[in-house]
Amino acid sequence: MYFGINEYTTTRNVIDIATDNLPVFKNTYDIYQGIQKAIHEHDISLLKETIYGYKKNNTAMDTSISTLRKNLNYVKNSCTMPYSNGPLEGTIGKIKKLKHISYGFRNLDHFLKRIRLICA
């Protein structure tokens, strides 16, 4: 809930007011929302419809859409498969952070033990 001058408004109303004067931004925002909804709901048909229904408008969204079109098979796999590389990326991040803050260990064995302690 947002407060205006003597009024209350919703998030959707604030977005509508902001995008009414900029049709290109409104179109880009709606496409972004469609892609986000399709990925969140694992709806491949909505994702295809959104990506292939997009018309170029000389914004950064053109590059994003062309990248999604090129990698649509991978995006479909990430939407349909229950697997994620998130835990692995988190572990890699922890190891990199340890390596950075330790400024090197004299003994590799100590470094490996510390990694096991952090990631256990």
Side-chain angles (χ1 to χ4, degrees):
M1 193 63 85
Y2 295 94
F3 301 104
I5 299 173
N6 297 327
E7 64 183 45
Y8 297 102
T9 188
T10 63
T11 305
R12 185 68 214 178
N13 287 343
V14 171
I15 292 170
D16 287 341
I17 291 168
T19 58
D20 281 344
N21 296 329
L22 303 167
V24 173
F25 180 69
K26 183 172 181 64
N27 181 31
T28 304
Y29 179 78
D30 290 339
I31 293 292
Y32 162 74
Q33 289 296 318
I35 292 170
Q36 189 175 25
K37 180 180 178 185
I39 290 173
H40 181 70
E41 295 177 357
H42 307 287
D43 188 353
I44 304 303
S45 61
L46 177 61
L47 182 64
K48 281 184 180 178
E49 181 183 318
T50 305
I51 290 174
Y52 289 112
Y54 177 76
K55 293 179 181 62
K56 289 188 176 189
N57 56 14
N58 297 324
T59 61
M61 184 62 85
D62 294 347
T63 306
S64 301
I65 295 295
S66 66
T67 302
L68 281 173
R69 284 179 183 164
K70 277 192 281 187
N71 299 309
L72 188 59
N73 287 332
Y74 304 117
V75 176
K76 284 194 289 190
N77 287 341
S78 70
C79 286
T80 58
M81 299 291 177
Y83 309 112
S84 171
N85 68 340
L88 179 62
E89 292 293 335
T91 302
I92 291 169
K94 288 177 185 177
I95 293 170
K96 284 183 178 183
K97 189 172 183 181
L98 173 66
K99 185 178 173 185
H100 177 73
I101 64 172
S102 66
Y103 298 110
F105 281 89
R106 288 188 207 173
N107 188 343
L108 180 63
D109 188 47
H110 292 301
F111 182 60
L112 296 175
K113 286 179 183 176
R114 185 80 183 267
I115 289 171
R116 286 188 200 108
L117 281 172
I118 287 176
C119 298

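Side-chain N/O atoms of N77 and Y83 include no donor and acceptor closer than 3.5 Å.
Contact record, K76 with I44: CD-CG2, 3.3 Å, taken as the closest heavy-atom pair. Taking all atoms of both residues into account, the shortest heavy-atom contact from N107 to D109 is OD1-N, 2.9 Å. The heavy-atom pair separating C79 from H42 by the smallest distance is O-ND1, 2.6 Å. Here the shortest heavy-atom pairing between L22 and A18 reads CD1-O, 4.3 Å. Closest of all the heavy-atom pairs between I31 and T50 is O-CG2, 3.8 Å.
A 4.5 Å side-chain heavy-atom check between I35 and Y54 finds every atom pair outside the cut-off. Inter-residue side-chain proximity for R116 and K113 is flagged as met; some heavy-atom pair is nearer than 4.5 Å. Residues L72 and L47 have side chains in contact (heavy-atom distance under 4.5 Å, counting atoms from C-beta outward). Proximity of S66 to R69: side-chain heavy atoms (C-beta onward) are nowhere separated by under 4.5 Å.
Under a cut-off of 6.0 angstrom, the local environment of CZ in R106 is sparse, with at most 12 non-hydrogen atoms contributed by other residues, nucleotides or ligands. Remark: K26 NZ is packed, more than 12 non-hydrogen atoms of other residues, nucleotides or ligands lying under 6.0 Å away.
Side chain of D62 to backbone of N58: a donor-acceptor contact under 3.5 angstrom is found.
Distance check: Y32 OH to I65 CD1 gives 12.5 Å after rounding to the nearest 0.5 Å. Going from atom CE of M81 over to atom OH of Y74 covers 13.0 Å, rounded to the nearest 0.5 Å. One finds the NZ atom of K96 at 8.0 Å from the CD atom of E89 (value rounded to the nearest 0.5 Å).
Grouping the Ile, Leu, Val, Met, Phe, Trp and Tyr side chains by contacts below 4.5 angstrom, directly or via other members, places I118 with L108. One hydrophobic cluster, built from ILVMFWY side chains closer than 4.5 Å, holds both I39 and M61. One hydrophobic cluster, built from ILVMFWY side chains closer than 4.5 Å, cannot hold both F25 and I15; they sit in different ones.
Considering only residues two or more places apart in sequence or on other chains, F111 meets the ring-ring contact (aromatic ring centres under 6.0 Å, His included) condition with F105.
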